[in-house]
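All remarks here apply to the structure that follows.
Since the structure is predicted, the reported quantities are computational estimates derived from the model, not experimental observations. Atoms within each ligand, like the ligands themselves, are counted from 1 in listed order.
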Amino acid sequence: MEKADRYAAAAKEIAAVLKGERNLTARMATVSNILHHAFEHFFWTGFYVVDPDKPDELIIGPYQGTLGCLRVPFSKGVCGAAATSGETQIVDDVQAFPGHIACDARSASEIVVPVRDAAGRLIAVFDVDSDRKAMFTVTDKNGLEAILSAAFSD
Ligand code: SME
């Protein structure tokens with residue numbers, strides 16, 4: 001299946017499973033599970049949420065894959081860049097990204113999408129890592145942004 005078709009199928013599955021469920025942890029766990037298993041090149045797939053006690057720091061949320069770092073300050077890494085800019089970040093080679101945080105040395109490329117609530121407030125970022133370089137394109141950006149917007153900004 002083409003990437004865009006896989007995103008469309010995952011979006012349908014996520015919408016069906018989440019129908020009527022408002023709990024944020026349940027929604028994040030479901031999104032990370034379904035997306036992680038939809039693509040072979042997703043090595044780490046999950047959420048860093050804005051810490052209510054430290055609003056300039058992200059804390060680990062629901063995820064799939066190898067052990068993630070617990071905290072990422074807004075000032076660091078690809079996740080921090082997505083949180084501060086409010087824009088999706090695509091990094092073809094994480095080694096070349098200044099301030100990249102290596103939670104697992106096998107991560108090679110990465111996409112991070114800001115996640116907003118219905119009021120437009122940043123609540124989290126969604127991070128996908130691949131163990132191969134340059135695995136993420138505008139197709140991933142469009143697919144992930146659509147799924148995250150449907151799951152958290154409706
Ligand atoms: N690499 C990320 C940190 C999170 S993990 O890779 C799971 C970053 O630089 O923000």
Under 3.5 Å, which donor-acceptor pairs do the side chains of residues 99-107 form with other protein atoms, sequence neighbours left out?
unit_1 : atom_1 : unit_2 : atom_2 : d
D104   : OD1    : R106   : N      : 2.9
D104   : OD1    : R106   : NE     : 3.1
D104   : OD2    : T66    : OG1    : 3.0
D104   : OD2    : R106   : NH2    : 2.9
S107   : OG     : D129   : OD2    : 2.8

Sidechain-backbone polar pair: E2 side chain, A4 backbone, donor-acceptor under 3.5 Å =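 No; judged by distance alone, with no hydrogens or angles, the pair does not exist.
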request  = Compute the centroid of each ring, for F42 and then for H37, and state whether the two points are separated by less than 6.0 Å.
outcome  =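 No, ring centres 6.0 Å or more apart.
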request  = Answer whether the closest heavy-atom distance between the side chains of R71 and K54 falls below 4.5 Å.
outcome  =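 Yes, side chains in contact.
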request  = With rounding to the nearest 0.5 Å, note down the distance linking CG in L35 to OG1 in T45.
outcome  =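 L35 atom CG to T45 atom OG1 measures 7.0 Å (nearest 0.5 Å).
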inquiry  = To the closest 0.5 Å, what do you measure between CZ (F136) and OG (S109)?
reply    =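 Going from the CZ atom of F136 to the OG atom of S109 covers 5.0 Å.
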query = Measuring from each atom of ligand 1, which residues have a heavy atom under 4.0 Å away?
reply =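 Residues within 4.0 Å of ligand 1: W44, Y48, G77, V78, C79, H100, I101, C103, E110, D127, D129.
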